[in-house]
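We name chains A, B, ... by the order of the sequence lines, and we start the count at 1 in each one. The model shown is predicted, which means the values in this text are computed figures rather than measured ones.
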Amino acid sequence: MATNYVSSAAAQHHPRHGEVLLDVQGLVKHFPINQGVVFKRRVGAVQAVDGVNFQLRRGETLGVVGESGCGKSTLARLLMRLETPTRGKAILEGRDIYSLNGSELRRLRRNVQMVMQDPYTSLNPRMTVGDIIGEPFEIHPDAAPRGDRRRRVQELLEVVGLNPEHINRYPHQFSGGQRQRIGIARALALRPQIIVCDEPVSALDVSIQAQVINLLEGLQAEFGLSYIFIAHDLSVVRHIADRVAVMYLGKIVEVGTETEIYERPTHPYTQALLSAVPVPDPRARNHREIIRLEGDVPSPANPPSGCHFRTRCWKAQDICATQEPKLTPRQADPHPVACHFAELRHPVR
Amino acid sequence: MSAPAKHHLLEVKDLFVEFRSRDGVTKVINGVSYHLDPGETLAVLGESGSGKSVTAQAIMGILDMPPAAIPSGQILYNGVDLLTLSEEKRREVRGKEISMIFQDALSALNPVFPVGWQIGEVLRKREGKSRAEARKRAIELMDLVKIPASKQRVGDYPHQFSGGMRQRVMIAMSLAQDPKVLIADEPTTALDVTVQAQIMDLLGDLRRDLNMGLILITHDLGVVADVADRIAVMYAGRIIEEAPVFDIYEAPAHPYTKGLLASIPRLDMRGQELATIKGLPPNLAKIPPGCPFHPRCPYAQPICREVVPAKHVLGPRYSACHFAQEVVTSGN
């Protein structure tokens with residue numbers, strides 16, 4: 001697995017034609033809400049992720065966007081197997097990652113690594129950078145022979161654009177952007193096929209954000225990585241993603257290529273989301289038609305019946321309350337969307 | 001505080017702020033000047049550590065002194081220098097004349113008191129209003145910031161509100177005494193885009209309806225483009241460029257602004273590689289000599305390492321760059 005690393009890079013120029021690496025089927029995660037001190041009764045469930053299906057191909061970037069509370073981060077944690085799903089499968093190399101245990105699981109885990117959001121809290125302040133990046137080798141000793149590790153860590157530092165001589169420094173000696181690079185180096189250490197990036201740039205300043213995005217894109221081209229790129233910033237996702245999934249209250253409401261989602265969105269929520277993104281150009285001020293959504297995202301513990309978005313949707317009809325729209329291709333545009341009244345709305349900006 | 005019309009509503013003049021600690025002196029603000037008129041929106045743009053929030057805290061008089069110190073400079077409100085006033089006098093300005101909202105509404109609100117109580121607190125404490133009067137006014141204020149069902153929700157606690165609603169509570173609180181200047185420090189950074197649009201709209205409407213001066217502190221070039229009249233860009237405790245909003249997006253006159261504009265991914269453009277500003281913002285304890293931006297600047301010449309650039313005035317705008325004219329004519 002580690003040796004075919006470079007050859008896999010060939011696929012990345014046509015990401016859509018790459019083989020399917022990860023196949024997520026009907027993933028559901030409900031967190032129980034308990035009441036009572038001595039006798040705990042289950043009184044409900046937070047339906048954080050509620051039936052998510054998608055495929056990730058080799059060398060592609062799948063962007064996952066949505067507002068806070070839509071289940072993006074729970075999805076990331078599920079894919080890392082930091083949470084056990086209530087239902088559903090995620091098939092990697094022909095095997096369901098939730099059915100594995102012990103050494104098999106450990107082997108599979110190498111293939112999926114994660115870059116966290118906050119570079120200030122995701123690095124242990126008492127470990128040197130060398131120890132942090134080398135820690136995966138402690139858990140997977142066969143990935144690098146003991147004597148070779150220091151050199152490997154230095155290589156990784158160089159790959160992410162840090163000075164290899166800084167191997168003995170501590171995280172506090174680095175700036176936010178540099179720390180995020182350390183987090184990326186750690187994720188790269190075991191040469192994974194998939195990296196789950198959970199809001200990797202949202203804590204960074206604009207000028208630094210661009211550096212990290214460019215780094216992620218460069219690494220993808222170099223190593224043929226697949227990314228699941230979770231973010232709330234739609235502009236960043238458009239920049240980096242090949243395909244985009246839009247989530248709302250635990251469900252994917254629309255999924256398609258970057259062009260389909262950004263140029264021809266058919267779900268009202270996607271349209272509203274896109275129209276609300278500020279454009280850094282004052283000349284656009286009076287030419288933009290912003291769809292203003294009323295109210296807030298409903299609680300995932302008690303989502304609306306039928307279509308989850310209907311309470312904030314201007315197109316809602318009776319059918320939306322009774323029948324949940326399926327995520328399938330609709331007449332308006334061939335990409336899958338979960339809306340009874342999907343239609344194109346021209347110039348979204 | 002009656003003043004002749006000549007004065008700006010608020011004017012910061014050549015302000016210096018430093019933090020004195022055992023490790024030495026960190027110069028956080030190095031000669032910042034800007035002004036604000038009624039009904040105007042000034043955006044102060046900068047990355048973390050550029051001094052944008054510290055300037056605001058100096059205006060509000062909420063800097064911890066020590067460790068902070070203001071060695072020189074003036075903050076004129078209607079022509080009166082706030083820095084020379086006694087703490088008692090400043091308290092009268094704070095809230096009543098100049099008010100502020102903060103980035104993180106959840107930590108700015110007290111979790112153990114109902115929101116109505118917190119909105120009305122200033123009225124009870126400062127204006128001697130009774131509980132009932134304060135509560136009534138709190139409901140009015142909640143209506144003003146468009147919190148639905150204000151009568152029912154006045155007794156709710158902050159955790160019962162969503163992020164956007166909490167920010168509205170903060171805004172209501174800051175408006176309780178009808179301030180003339182509202183300073184909003186990253187008011188939408190913690191919010192989702194759809195909610196962000198609602199809050200920015202609200203701030204814009206309030207500014208217009210109440211004819212307030214609004215200082216909007218942000219790092220987001222997108223948010224600013226929609227609402228600001230003028231933009232001041234800060235770097236290493238200085239304003240390096242100030243310009244009317246259209247001019248700055250059309251043709252930035254400082255290489256830093258130019259780099260910032262080029263480095264943001266845009267929704268309406270699918271770029272390949274993002275332009276970046278190389279290097280890191282300077283350590284404020286050792287700001288480089290000459291122009292503080294020179295180590296990262298593509299235009300840098302020997303002169304930039306030695307001479308701090310003066311303000312180059314170009315019509316309605318200025319830029320603190322030796323090559324301002326060249327930068328501005330090179331376009332965006």
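A/D333 pairs by the salt bridge (charged side-chain N to carboxylate O under 4.0 Å, His left out) definition with A/R264, not counting sequence neighbours.
Contact count against chain B (heavy-atom pairs under 4.5 Å) is highest for A/S235 among A/G66, A/A272, A/S235. Among A/D233, A/I291, A/L293, the residue making the largest number of heavy-atom pairs under 4.5 Å with chain B is A/L293.
Across all non-hydrogen atoms, the minimal contact from A/Q211 to B/I277 is NE2-O, 2.6 Å. Closest heavy-atom contact between B/H219 and A/V206: O-CG2, 3.4 Å. A/P282 and B/Y249 make their closest contact through CD-CG, 3.1 Å (heavy atoms, listed as atom of the first residue, atom of the second, distance). Annotation for A/A276 and B/A197: closest pair CB-CB, 4.2 Å, computed over non-hydrogen atoms. Closest of all the heavy-atom pairs between B/A225 and A/D281 is CB-N, 3.5 Å.
Only the side chain of A/S175 comes within contact range of chain B, with at least one heavy atom under 4.5 Å from a heavy atom of that chain. With a 4.5 Å cut-off on non-hydrogen atoms, B/M165 touches chain A through its side chain but not through its backbone.
Counting only heavy atoms from C-beta outward, the side chains of B/M200 and A/P278 never approach each other to under 4.5 Å.
For residues 152-164 of chain B, a heavy-atom distance under 4.5 Å to chain A picks out B/S162, given by residue number.
B/K151 NZ: 12 or fewer foreign heavy atoms inside a 6.0 Å radius.
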